[in-house]
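The block underneath contains the structure these notes are about, expressed in structure tokens.
Quick caveat: nothing in here was measured; it's all calculated off a predicted structure.
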Amino acid sequence: MKLRAVAPGVGLLPLYANIYLLSTPQGRVLFDTGTINHAPTFVRLLRAFDPQAVVISHSHIDHAGSAFLAARLGYPVLAHPLEHERLLGLDHQLPYPAGKPALGRAVSRLHPRVGAGQLGTLHPGEEVGGWEVVHLPGHTDGQIGLRRGGVLLAADAVLSRGGQAHLPRQAYNWNHRTALQTLKGLAELDLDTVLPGHGEPITAAQLRARAVRDDPPEAPQAG
């Protein structure tokens, strides 16, 4: 496993989506689970790190694909309540492949799910393992990140590619206008390091550089 430190007390392991291991005096938290394709690696990581909680940023299968394994092994799995229906398999809306909603629903149905009673709730403003829960709507309605001091785990509120910050493609966002508003709000925070759902860490300056660009509502965005 190619685990590396990206901020004080924060380790990164890319399992297609980025998985973050958070260690503070208040406890250990695992942020996201990666895809089901990486399930054996995820289970080894889970057992070695032994977190107090597994936080799911949002319900897309590249971030929550192995959440069911954490639940089966007895770890608390936590997410914003707006994500629960999709995480439980009661709603199979999936925005990719772009423009193919029927295929997206079929892909979603193939994934094992966290069982009813195994999924806990996190609300904005609460703390988990010494990190504050932050609501980051736009990519999905209930997407959350975690903030501690000047470090923000931003999930897919922002992506990193080529040393620059990006938004996910418009087709992949629940509401692209809201996603842009969330990004602009993040750019106003006093941050040092932003840890995205995909790609390398970005700086506050890189985040602000993307936030000043407005997107025409009808224009697809490269993410």
Side-chain angles (χ1 to χ4, degrees), residues 3 6 10-22 29-43 45-46 49 51 53-71 75-98 104-105 107-114 118-122 128 131 133-147 152-161 166-169 171-175 179 182-183 194-201 223:
L3 179 67
V6 290
V10 181
L12 164 64
L13 180 66
L15 296 181
Y16 182 72
N18 288 339
I19 310 304
Y20 292 101
L21 291 75
L22 313 177
V29 174
L30 197 63
F31 187 73
D32 280 344
T33 73
T35 67
I36 195 172
N37 309 60
H38 296 95
T41 299
F42 176 71
V43 169
L45 175 71
L46 192 62
F49 187 55
V54 176
V55 173
I56 306 300
S57 65
H58 62 289
S59 54
H60 289 172
I61 56 177
D62 54 332
H63 293 261
S66 291
F68 75 100
L69 292 169
Y75 292 95
V77 178
L78 308 174
H80 191 287
L82 290 175
E83 300 294 314
H84 280 207
E85 285 198 355
R86 293 184 292 271
L87 289 169
L88 293 170
L90 304 176
D91 179 348
H92 290 285
Q93 299 300 317
L94 190 65
Y96 47 84
R105 288 191 293 271
V107 170
S108 175
R109 288 191 177 96
L110 290 173
H111 281 72
R113 299 290 173 173
V114 177
Q118 295 179 309
L119 184 60
T121 298
L122 281 176
V128 55
W131 291 77
V133 179
V134 182
H135 190 201
L136 303 173
H139 187 57
T140 66
D141 50 353
Q143 179 175 243
I144 55 173
L146 298 178
R147 182 185 181 186
L152 174 72
L153 278 69
D156 284 359
V158 63
L159 311 178
S160 170
R161 187 181 70 244
H166 297 268
L167 276 177
R169 288 177 54 190
Y172 294 164
N173 284 334
W174 162 73
N175 187 307
T182 291
L183 185 68
V194 180
L195 302 174
H198 297 269
E200 294 294 311

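Classification of the His135-His80 ring pair by plane angle, with boundaries at 30° and 60°, yields parallel. The aromatic rings of His139 and His60 sit perpendicular to each other, their planes meeting at more than 60°, with 30° as the lower class boundary.
You'll find the side chain of Phe42 reaches within 4.5 Å of the side chain of Leu15, heavy atoms only. For the pair Leu167/Leu159, no side-chain contact is recorded, criterion being any heavy-atom separation below 4.5 Å from C-beta on. Residues Leu30 and Leu46 are in side-chain contact: their nearest non-hydrogen atoms beyond the backbone lie under 4.5 Å apart. Leu119 places none of its side-chain heavy atoms less than 4.5 Å from the side chain of Ile56. Looking at heavy atoms from C-beta onward, His198 lies in side-chain contact with His63 at the 4.5 angstrom threshold. Using a 4.5 Å heavy-atom threshold, the side chains of Pro201 and Leu195 count as touching. His84 places a side-chain heavy atom less than 4.5 Å from the side chain of Thr121.
Aromatic pair Phe68/His111: centroids not less than 6.0 angstrom apart.
Between Tyr172 and Asp156, the side chains place no donor N or O within less than 3.5 Å of an acceptor N or O (distance only, hydrogens not considered).
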Residues Val133, Leu78; criterion side-chain contact (heavy atoms from CB on, under 4.5 Å); working and verdict: CA-CA 11 Å; Val133 179; Leu78 308 174; over 6 Å; no
Steps toward side-chain contact (heavy atoms from CB on, under 4.5 Å) verdict (Tyr96, Ile61): CA-CA 10 Å; Tyr96 47 84; Ile61 56 177; 3.5 Å; yes
Audit row: Val55, Leu22, side-chain contact (heavy atoms from CB on, under 4.5 Å) steps and yes/no: CA-CA 11 Å; Val55 173; Leu22 313 177; over 6 Å; no
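Atom CZ of Phe49 sits about 9.0 Å away from atom CG of Leu3, to the nearest 0.5 Å. Atoms CD and OG, on Glu85 and Ser59 in that order, are 10.5 Å from each other to the nearest 0.5 Å.
Counting all heavy atoms, side chain and backbone alike, Ile19 lies closest to Thr33 at CD1-C, 3.2 Å. Of all the heavy atoms in Leu146 and Phe31, the pair that sits closest is CD1-CD1, 3.7 Å. The minimum heavy-atom distance linking Ala155 with His58 is given by the pair CB-ND1, 4.4 Å. Heavy atoms only, all atoms of each residue included: Ile36 and Gly65 are closest at CB-O, 3.9 Å. The two residues Gly199 and Asn18 make their nearest non-hydrogen contact at O-ND2, 2.9 Å. Nearest heavy-atom pair across Ala98 and Ala171 is CB-CB, 3.9 Å.
Distance alone, capped at 3.5 Å, is enough to place a donor-acceptor pair between the Asp32 side chain and the Ser57 backbone.
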Output a table of donor-acceptor pairs, distance under 3.5 Å, between side-chain atoms of residues 88-95 and any protein atom two or more places apart or on a different chain; print 'none' if there are none.
from  : atom 1 : to     : atom 2 : distance (Å)
Asp91 : OD1    : Gln93  : N      : 2.9
His92 : ND1    : Ser108 : OG     : 2.8
His92 : NE2    : Gly89  : O      : 3.0

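Screening residues 133-143 for salt bridge (charged side-chain N to carboxylate O under 4.0 Å, His left out) gives Arg86-Asp141 as the qualifying pairs, with residues at least two apart or on separate chains.
Each of Leu136, Leu82, Val134, Thr182 was scored for a side chain to side chain contact (heavy atoms under 4.5 Å, CB included) with Gln143, with one residue passing: Leu136.
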